[in-house]
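Just so you know, ligand 1 is whichever comes first in the structure, and atom 1 is the first atom listed for that ligand. Keep in mind that this is a model prediction, so the values were computed, not measured.
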Amino acid sequence: MVDGYHKMSRSAQLEWLRDHTQLTTDELDQFGVDYIHQQMIENYLTDFSLPEGIAVNFKVNQKEYAVPMVTEEPSVIAAASNGAKIVNLAGGFQSESQLLKMGQVLVSEIVDPEQLTAELNQVADQILEIANNAHPSIVKRGGGARSIRVRNLGHQCLSIDVFVDTQEAMGANIINTMMESVGNWIQEQFSGRLEVDLKILSNLADCALTTVKCDIPIQLINSDLERARDLAKRIAKASYFAQIDSYRAATHNKGILNGIDAVAIATGNDWRAIQSGAHAFAAQSGMYKGLSTWKVVDDKLCGVLKIPLPVASVGGSITINKQVQQNFKILKVNTAKELAEVIGSVGLAQNLAALKALAGEGIQQGHMKLQAKSLLIANGAMPEEVDSMLSLLFNQPKMNAQAAQKVIEEVRN
Ligand code: NDP
């Protein structure tokens, strides 16, 4: 236990770490400080870096994109680029998105839910006004609270859902501020007939849904027509399994989110919000399912991805993080809506590449090629030695730590 760590000076915090962890004084001395990041989180120690790469060949709604991706996982960027190239040759992705967000006021201890629902609907305009008055600047920007919905949750509980246009912002703070005011007003107006319990954004952002489609002539996945037909059928089957088995769906969706998270991080967006929304949406039917489907129609492989993407081009860390700003320059997106459409396309490209590998040569063969570099580094190879060691490692009967160590020794001697 430590009391008041957050109140200690930086040197006292470093001293505490030296005394209570295995860090040495030398290691502690090497921690750099970014003074802007130091203001962003609590108990700041240092910056933590992750690799950033560029996925290429994306064509979305007829516009070409180079996409910055931040990920520690080998093969993610290669797979995204590979999937994007195939779709590019087929004319590109068609992507569309809506960007409303939802806040909720959760109330309990209701005696007559039907009567209260009717009364709440009657004061819908007042609820919208209260919400908008709580954050007038978003109204000035052309956004604001748009509509309400009252849902009976059973157990004498209701949710008053408020749909808000937060323009270019993700809107969590905007909506939380609005819901505070709406909740307080409802408590006052309906005093004695309900208890207002929670006033907060919902991360199940199904009103910020992005839909991405692509139709790929199957000869783009294999030039031999018969092999292409077989591969396309297997891809469609793999996607079908994600509709009927949640165990498979979880892995299917993880592949989609491999790409989506990487762009979300690169653009300073809240990837935890995207993750929770995606998984809740995947389970909305009562069963957890794959977020994308693939079908073969007239020798075309047709993919569709539907996913909530409550992303932003301003707010949070976006405006203050220099690298995020540079990534927006790489992406050349003008709005949060366009960003969502590109991010959704990255998810579908990632999914295509994963299913193509899984249905074809198997995921491991391609994966291990890309894991080889990490394997060599993890076993002591210097980055400048890796290229000269790769082919030797591929020739080993098994690609594991022992094989990597053997190759490193061989090359060095
Ligand atoms: P901010 O609190 O940073 O608010 C964004 C602000 O940007 C707006 O209030 C607005 O202020 C300003 N702005 C400037 N230009 C525009 C524009 N064109 N459109 C809209 N706003 C503009 O962020 P959010 O409210 O978006 O909240 C997102 C943050 O909240 C993220 O960091 C997220 O991680 C975090 N969060 C997430 C939660 C969740 O997901 N459950 C919960 C709580 C926080 P003005 O108009 O006054 O200039």
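- The pair Glu338-Lys63 meets the salt-bridge criterion, since a charged nitrogen lies less than 4.0 angstrom from a carboxylate oxygen.
- The atoms of ligand 1 that sit less than 4.0 Å from any heavy atom of Ile138 are 20 (C), 21 (N).
- Ionic pairing of Asp298 and Lys300 is not present here: no N-O contact between side-chain nitrogen and carboxylate oxygen is shorter than 4.0 angstrom.
- For atom 21 (N) of ligand 1, the closest non-hydrogen atom of the protein is Ala169 CB, 3.7 Å.
- For ligand 1, the polar-atom distance check against Ile174 finds a nitrogen or oxygen pair separated by under 3.5 Å.
- Gln22 and Glu27 share no side-chain donor-acceptor pair at under 3.5 Å.
- In this structure, Phe93 and Phe58 have parallel ring planes: the angle between them is below the 30° cut-off, well short of the 60° mark.
- Residue contact check for ligand 1: Lys140 places no non-hydrogen atom closer than 4.0 Å to it.
- From the protein, the heavy atom lying nearest to atom 7 (O) of ligand 1 is Val314 CG2, 4.1 Å.
- Looking at Lys254 and Glu73, a side-chain N of the basic residue comes within less than 4.0 Å of a carboxylate O on the acidic one, giving a salt bridge.
- In the vicinity of Gln167, heavy-atom distances shorter than 4.0 Å reach the ligand 1 atoms 19 (N), 20 (C).
- For atom 3 (O) of ligand 1, the nearest non-hydrogen atom of the protein is Gly316 N, 2.9 Å.
- Here is the list of ligand 1 atoms found below 4.0 Å of a heavy atom in Asn203: 39 (C), 40 (O), 41 (N).
- Of all atoms in ligand 1, numbered sequentially from 1 with element shown, those under 4.0 Å from a heavy atom of Leu201 are 39 (C), 40 (O), 41 (N).
- When each of Thr211, Leu348, Val212 is paired with Val304, the side chain to side chain contact (heavy atoms under 4.5 Å, CB included) condition holds for Thr211 and for no other.
- Which parts of ligand 1 touch Asp270 is read off a 4.0 Å heavy-atom cut-off, strictly below it: atoms 33 (C), 34 (O), 37 (C), 40 (O).
- The option with the heavy atom closest to atom 19 (N) of ligand 1, from among Arg272, Met40, Glu168, is Glu168.
- Counted by atom type alone, Asn351 and Ser292 present one or more donor-acceptor pairs between their side chains at under 3.5 Å.
- For the residue pair Tyr44/His37, the side-chain donor-acceptor check at 3.5 Å is not satisfied.
- Of all atoms in ligand 1, listed by their number and element, those nearer than 4.0 Å to a heavy atom of Ser137 are 45 (P), 46 (O), 47 (O).
- Polar contact with ligand 1: present for Gly171 (N/O pair, distance under 3.5 Å).
- Between the side chains of Asn184 and Lys199, at least one donor N or O sits under 3.5 Å from an acceptor N or O.
- The nearest heavy-atom contact from the protein to atom 29 (C) of ligand 1 is Asn173 ND2, 3.8 Å.
- Among all non-hydrogen protein atoms, the one lying nearest atom 36 (N) of ligand 1 is Ala172 CB, 3.4 Å.
- With contacts defined as side-chain heavy-atom distances shorter than 4.5 Å, the pair Val105/Asp197 does not qualify.
- Heavy-atom contacts of Gly315 reach the following atoms of ligand 1: 3 (O), 5 (C) (cutoff under 4.0 Å).
- The pair Glu119-Arg193 meets the salt-bridge criterion, since a charged nitrogen lies less than 4.0 angstrom from a carboxylate oxygen.
- Of all the atoms in ligand 1, the ones that sit under 4.0 Å from a non-hydrogen atom of Met170 are 26 (O), 28 (C), 40 (O).
- Counting protein heavy atoms only, atom 48 (O) of ligand 1 is closest to Arg141 NH2, 2.8 Å.
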